[in-house]
Amino acid sequence: MEINSAYIHQDSILKSIYQDAVNKFMSKAVEQICFNDLCKYISRKLAQKKQSVYDHSIMIVKEVCLKIGEDFWAAIEHEAPRATNYRDIYFAIYE
């Protein structure tokens, strides 16, 4: 399954959410797995900025995981082991 998240860096609002999350979780990721906290944080920030949580949350989470060294795909497999598409991943994590 492919999740194209590169567009995050081209939108100023989404990029600012990404940067805030990187700054918040970079030091935490060294000591612990913070995937669930990261997902909640991204969801809350998107809602505050009136952006679609469904459309952007997993994309930003993926980009932040890549930056902070968290294994995005291992976390997805753990949280949504039967996921076959984006929708499955989203609902396993956020619903």
Side-chain angles (χ1 to χ4, degrees):
M1 173 178 4
E2 185 176 324
I3 296 179
N4 184 5
S5 55
Y7 76 94
I8 296 302
H9 303 287
Q10 298 167 354
D11 181 283
S12 62
I13 294 171
L14 301 178
K15 185 176 180 180
S16 73
I17 294 170
Y18 160 80
Q19 289 173 332
D20 290 346
V22 167
N23 292 337
K24 181 173 178 73
F25 289 97
M26 183 65 85
S27 62
K28 291 180 184 180
V30 172
E31 301 171 4
Q32 64 187 13
I33 295 172
C34 53
F35 183 79
N36 291 325
D37 292 337
L38 174 60
C39 289
K40 291 175 192 171
Y41 180 80
I42 297 295
S43 174
R44 192 169 55 251
K45 293 293 274 187
L46 284 166
Q48 287 173 353
K49 302 266 185 180
K50 298 186 182 355
Q51 300 296 308
S52 171
V53 175
Y54 179 80
D55 290 337
H56 306 301
S57 59
I58 302 300
M59 308 305 188
I60 296 174
V61 168
K62 178 186 174 198
E63 288 293 306
V64 173
C65 284
L66 290 172
K67 183 69 173 184
I68 66 174
E70 186 118 344
D71 190 338
F72 174 77
W73 293 110
I76 293 299
E77 183 151 327
H78 181 267
E79 295 294 323
R82 293 184 175 88
T84 59
N85 56 40
Y86 179 88
R87 182 175 182 261
D88 293 345
I89 294 169
Y90 176 84
F91 284 109
I93 292 171
Y94 288 105
E95 296 297 318

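Both backbone and side-chain heavy atoms feed into the values below; hydrogens, waters and symmetry mates do not. All values reported here derive from a predicted model rather than from experimental measurement. Sequential numbering from 1 along the given sequence is applied to the chain's residues.
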- Does any non-hydrogen side-chain atom of Glu70 lie less than 4.5 Å from one of Leu38?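 Of all side-chain heavy-atom pairs linking Glu70 with Leu38, none is under 4.5 Å.
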
- Query: Looking at Asn4 and Met59, what are the two nearest heavy atoms and their distance?
  - Reply: O-SD, 3.7 Å

- May I have the step-by-step check of side chain to side chain contact (heavy atoms under 4.5 Å, CB included) for Phe72 and Ile58, ending in yes or no? CA-CA 10 Å; Phe72 174 77; Ile58 302 300; 3.8 Å; yes

- Item | Lys15 to Tyr18 six-membered ring, cation-pi geometry met (6.0 Å, 45°) | no

- Query: Taking the side chain from Lys62 and the backbone from Ile3, do they hold a donor-acceptor pair closer than 3.5 Å?
  - Reply: yes

- Quick one: closest heavy-atom pair of Ser57 and Val53, and the distance? OG-O, 2.7 Å

- Rounded distance [0.5 Å steps], CD1 in Ile42 versus CG in Asp37: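 One gets 11.5 Å once the value is rounded to the nearest 0.5 Å.
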
- Message: Counting C-beta onward and ignoring hydrogens, is there a side-chain heavy-atom pair between Leu46 and Ile60 closer than 4.5 Å?
- Response: yes

- Please report the shortest heavy-atom distance between His56 and Tyr7, naming the atom on each side. ND1-OH, 2.8 Å

- Query: Does a side-chain heavy-atom distance below 4.5 Å link Asn36 with Glu79?
  - Reply: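 Yes; the side chains approach each other to less than 4.5 Å.
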
- For Asp88 and Arg82 the tightest heavy-atom approach is OD2-O, 4.2 Å

- Task: Can you label the angle between the Tyr90 ring and the Tyr54 ring as parallel, tilted or perpendicular, going by 30° and 60°?
- Result: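 Because their plane-to-plane angle is over 60°, the rings of Tyr90 and Tyr54 count as perpendicular.
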
- Note on the structure: Between His9 and Glu63 the two heavy atoms that sit nearest each other are NE2-OE1, 2.6 Å

- Query: Taking side chain as C-beta onward, heavy atoms only, is Asp71 less than 4.5 Å from Phe35?
  - Reply: no

- Message: With rounding to the nearest 0.5 angstrom, report the CD1 to NZ distance, Ile68 to Lys24.
- Response: 12.0 Å

- Could you tell me whether the side chain of Gln51 and the main chain of Leu14 form a donor-acceptor pair under 3.5 Å? no

- Same apolar cluster: Ile17 and Leu66, side chain cutoff 4.5 Å: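 Result: no, two separate clusters.
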
- Item | Over all atoms of both residues, closest heavy-atom pair of Tyr94 and Cys39 | OH-O, 2.9 Å

